Amino acid sequence: MPRHTLLVHAHPRTDSLTAQVATLLHARLKDEGGTVDVLDLYAEGFDPVLHPADEPDWENREKAYSPEVHAHMDRILAADDIVIVFPVWWMAPPAVLKGWIDRVWNYGFAYGRSKPRLASKRMLWLALMGSPLEDIEKLGLDTVLETQLRLGVSEYCGITDSAVRVVYGTELSGVPKDLRPERVRQLLEDAGAALEEALPR
Ligand SMILES: Cc1cc2nc3c(=O)[nH]c(=O)nc-3n(C[C@H](O)[C@H](O)[C@H](O)COP(=O)(O)O)c2cc1C
């Protein structure tokens, strides 16, 4: 049975490394015979601000949220695998992606049920980090994303087959211009390897 993947990405520029990684993963997933729903949060104009319509009602896990949120919930439900590609901004996902989690991964849908609805899915958070790993380790920040995203979101929602993978050193401004194409090639290869390792076919 071919797998269906929801491929979410979040970057304001279509020529970003993030967008290139998303394009590569899209191609890989299709080459493997799967189907892919691409959710480009910027291109779709997703509103990350949580308004009262999408605020959880802790006394009603059947609450009807906004139609936009229910449409996104349906896209999540349809997926076997969820892959999220994003640049790390202040050691966290960009606001548009954080807002997608805030609004869509809502009470009664993603969590708050004795039988979690999303538990059978697989999930990969693929983060692009400007700094090299050594710098992040020196700051004691190398487990931040794992804690926040895998434990704080995926596992909290019952998705035990989940992983955070980080492609480090994506900030190219310090790399001589003539060496950048090779560095980009290497970073894309790292991203492809992370997909294969985290979500084996
Ligand atoms: C607002 C902002 C915040 C950032 N914060 C971090 C950070 O906390 N740690 C880090 O290593 N890089 C940080 N960066 C660098 C990005 O991670 C890096 O530019 C990005 O991964 C490169 O991929 P892109 O070409 O797709 O943007 C930040 C960049 C921006 C624009």
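Remember, it's a predicted structure, so these values are computed and weren't measured experimentally. In listed order, ligands and their atoms are each counted from 1.
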Handout entry: Neighbour count above 12 (heavy atom, 6.0 Å) for Lys63 NZ
Key = yes
Problem - Under-4.0 Å salt bridge between Glu32 and Arg3 - result: no
Handout entry: Min side-chain heavy-atom separation Trp100-Pro93 under 4.5 Å
Key = no
Completion exercise
Nearest non-hydrogen protein atom to atom 12 (N) of ligand 1, with distance, is Gly130 N, 3.4 Å
Exercise for the section: Give the numbers and elements of all ligand 1 atoms closer than 4.0 Å to a heavy atom of Met91. Expected result: 7 (C), 8 (O), 9 (N)
Completion exercise
If you scan protein heavy atoms around atom 1 (C) of ligand 1, the nearest is Trp89 CG, 3.9 Å
Completion exercise
Contacts of Trp58 meeting side-chain contact (heavy atoms from CB on, under 4.5 Å) (sequence neighbours excluded), chain-then-number -> Pro56, Tyr107, Tyr111
Problem - Side chain Arg165, main chain Ala191, donor-acceptor under 3.5 Å - result: no
Problem - Contacting atoms of ligand 1, where contact means under 4.0 angstrom from a heavy atom of Trp90 - result: 3 (C), 4 (C), 5 (N), 6 (C), 7 (C), 8 (O)
Problem - Contacting atoms of ligand 1, where contact means under 4.0 angstrom from a heavy atom of His11 - result: 24 (P), 26 (O), 27 (O)
Exercise for the section: Write out the residue and atom name of the closest protein heavy atom to atom 22 (C) of ligand 1, then the distance separating them to 0.1 Å. Expected result: Thr170 OG1, 3.4 Å
Practice task
Salt-bridge test for Arg201 and Asp81: reply yes if a basic N is under 4.0 Å from a carboxylate O, no otherwise.
Solution key: yes
Completion exercise
Numbered in order shown, the ligand 1 atoms found under 4.0 Å of a heavy atom of Thr18 are 24 (P), 26 (O)
Problem - Salt-bridge criterion met for Arg183 and Glu171 (N-O under 4.0 Å) - result: no
Practice task
Could you say whether the N/O atoms of Val88 and ligand 1 ever approach to under 3.5 Å?
Solution key: yes
Fill in the blank from the handout: re atom 19 (O) of ligand 1, the protein heavy-atom contact at minimum distance is Glu171 OE1, 2.8 Å
Exercise for the section: Drop me the distance from Leu139's CG to Glu134's CD, to the nearest 0.5 angstrom. Expected result: 11.5 Å
Practice task
Give the numbers and elements of all ligand 1 atoms closer than 4.0 Å to a heavy atom of Leu128.
Solution key: 17 (O), 21 (O)
Exercise for the section: May I ask you to check whether Leu17 has an N/O atom sitting below 3.5 Å from an N/O atom of ligand 1? Expected result: yes
Handout entry: Residue selection (non-hydrogen contact nearest atom 11 (O) of ligand 1) among Pro87, Ser16, Ser131
Key = Ser131
